[in-house]
2 protein chains.
Amino acid sequence: MSEHPLVKEWLSQLQANGYRITHARRVIVEELVKSQKALEPVDLFTICRKKDPALGLVTIYRTLDQLDQLGLIQRVHQADGCHTVMRKQNGHEHLLVCTSCGRTVTFCGDNFESLSSKVASETGFAVSDHMLQFFGICPECQGQKDGAN
Amino acid sequence: MSEHPLVKEWLSQLQANGYRITHARRVIVEELVKSQKALEPVDLFTICRKKDPALGLVTIYRTLDQLDQLGLIQRVHQADGCHTVMRKQNGHEHLLVCTSCGRTVTFCGDNFESLSSKVASETGFAVSDHMLQFFGICPECQGQKDGAN
DNA sequence: TCCTTATTGAAAAAGAATTTCAATACCGAA
DNA sequence: TTCGGTATTGAAATTCTTTTTCAATAAGGA
Ligand SMILES: [Mn+2]
Ligand SMILES: [Mn+2]
Ligand SMILES: [Zn+2]
Ligand SMILES: [Zn+2]
C-alpha cells in the first residue's frame, strides 16, 4: 500500500511543468515507477486498465511523451527494436536486460572519460553522450529452462 | 566505380545460405555497404530506386530481414527509437553517431570483461552481450551551425 | 535452352502512432 | 464551496509503418 516516493516526485515534476495531476496520469506514473520490466505502450495500457477501465491507449502515448520530455523515462534497446520503455536511471547507471522476459536491473561502474575524449579527438566529433546496455538471462528465466537450479 | 569488397562478401554469404543473387538484392547490398549514414528502410528505398526504379519497398524490408539474420546489419539506437540500420561492425567495434545527420564512425577500446562478470555475479544474470554507442555532432554538422570552423 | 521454384512488386491487410473533436475533469479565483 | 476557463480525456478517424497474400517473373541448375 505504501506509495513509492518516486510517484510523488514525478507528479510534482509534471505539475511544476504546467501539467495537471489527473487520475489517468497518476495511474500511469504509478505503474511505470514500480515496474521492474521494460514495457511496451500496449503492455502498460493493459496493466493500467485494471486500475482504470476507462483509460484510453492514446493517453498512454501522450503521457509517455510528456514523461520523456521531462527526462523521466527512456527507451530500452533490444535486438528487434526499441519498443519498450523504463524509468530512467541516474546518469552513471545502466540497464541489464533479460532477453527472455524483459526484467531489468541496473549497474554502474562504466567509465568512458578517457575513451570518449580519445575518440573525440580522433574523429573530430563532439561526443556528448553514450548509451550502454548489457543483455543476458535473469535468474528466474534460467531456472525455467534448465529445470533444477 | 570500383566495387566495395564487402559487396562480394555479402552476396556470397546470401548465396551460401540458399538465397539467389538477384538484381534487387545486389542494389540494396551495394547501397547498404557504402553508406556512411544510419538509414531508415524508406531512405534506403529512395536511394535504391535511383538505380532500380521498379524496386518495391517490400523488397527492402525482406532483404533487411535476411541480412539481419545473417548478422550483417544492426539497428542503430537513437533517442527517438531504433528506426535506422547500418552494416554491423566487428565485435569489438562500436558506433559513434551524429545526432544531427546520422553519419557514423566506429571506435573500439571498450573493455567490459571485468565489469560484466562483476555484474553477473552480483545479479545472478547470465550476461551474454552488450550494446554501446556514443553520440555527438560530426565535424560537418559542427561547421554548419558555428559558421567559421 | 528448359524447367523448377525462389523472388518480386502491387495490393490488401495488419499494427502502431498521431490527429481531431466534443465531453469532461482539474484547479485557481471568487 | 461554487464557479468558470481551459487542459485533459477517450473515441474515432487518420496517418505511417510493416507484413501478408498472390500471380507474374527471373534466377540458375540440369
Ligand atoms: Mn555511463
Ligand atoms: Mn564492445
Ligand atoms: Zn527473464
Ligand atoms: Zn535502440
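By convention in this document, chain letters (A, B, ...) are assigned in the order of the sequence lines, proteins followed by strands, and residues within each chain are numbered from 1.
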Throw together a table of side-chain donor-acceptor distances under 3.5 angstrom for residues 83-92 of chain A, partners on residues two or more places apart or in other chains.
{"residue": "R87(A)", "atom": "NH1", "partner": "V33(A)", "partner atom": "O", "Å": "2.6"}
{"residue": "R87(A)", "atom": "NH1", "partner": "S35(A)", "partner atom": "O", "Å": "3.4"}
{"residue": "Q89(A)", "atom": "NE2", "partner": "R87(A)", "partner atom": "O", "Å": "2.8"}

Exercise. Report yes or no: do V42(B) and V76(B) belong to one cluster of Ile/Leu/Val/Met/Phe/Trp/Tyr joined by side chain heavy-atom distances under 4.5 Å?
Key: no
Exercise. Say whether M131(A) and L96(B) are linked into one hydrophobic cluster, either directly or through other cluster members, by side-chain heavy-atom distances under 4.5 angstrom.
Key: no
Quiz item: Looking at L57(B), L55(B), L32(B), which hits side-chain contact (heavy atoms from CB on, under 4.5 Å) with L44(B)?
Solution: L32(B)
Quiz item: With a non-hydrogen cut-off below 4.0 angstrom, is L57(A) in contact with a base, only sugar-phosphate, or nothing?
Solution: nothing
Quiz item: Are side-chain N/O atoms of H94(B) and H130(A) paired as donor and acceptor at under 3.5 Å?
Solution: no
Exercise. Check the distance between dT7(C)'s C1' and L64(B)'s CG and give it to me in whole angstrom.
Key: 16 Å
Quiz item: Just wondering, are more than 12 heavy atoms of other shown residues or ligands nearer than 6.0 Å to NZ in K51(A)?
Solution: yes
Quiz prompt | ring pair (Phe, Tyr, Trp, His ring centres under 6.0 Å) assessment of F134(A) paired with F112(B) | solution = CA-CA 10 Å; F134(A) 282 0; F112(B) 295 120; 5.5 Å; yes
Quiz item: Between F45(A) and G56(A), what is the shortest heavy-atom contact and its length?
Solution: CE1-C, 3.6 Å
Exercise. Return the value, rounded to whole Å, for the distance between atom CG of D80(A) and atom P of dT19(D).
Key: 10 Å
Practice problem: Starting from P on dT24(C), measure out to CG on D52(A) and report it in whole angstrom. | Solution: 16 Å
Can you give me the N/O atom pairs linking the protein to nucleotides 11-16 of chain C at distances under 3.5 Å, or say none if there are none?
none

What are the atom names and distances for every N/O pair under 3.5 Å that joins the protein to nucleotides 26-30 of chain D?
{"residue": "dA27(D)", "atom": "N3", "partner": "R20(B)", "partner atom": "NH1", "Å": "2.9"}
{"residue": "dG28(D)", "atom": "OP1", "partner": "I21(B)", "partner atom": "N", "Å": "2.7"}

Practice problem: Looking only at side-chain atoms of D65(A), point me to the closest of dT20(C), dT18(C), dT8(C). | Solution: dT18(C)
Exercise. Assign each of R62(B) and G18(A) to its nearest nucleotide of DNA chain D by heavy atoms, then name whichever residue's nucleotide is nearer the 5' end.
Key: G18(A)
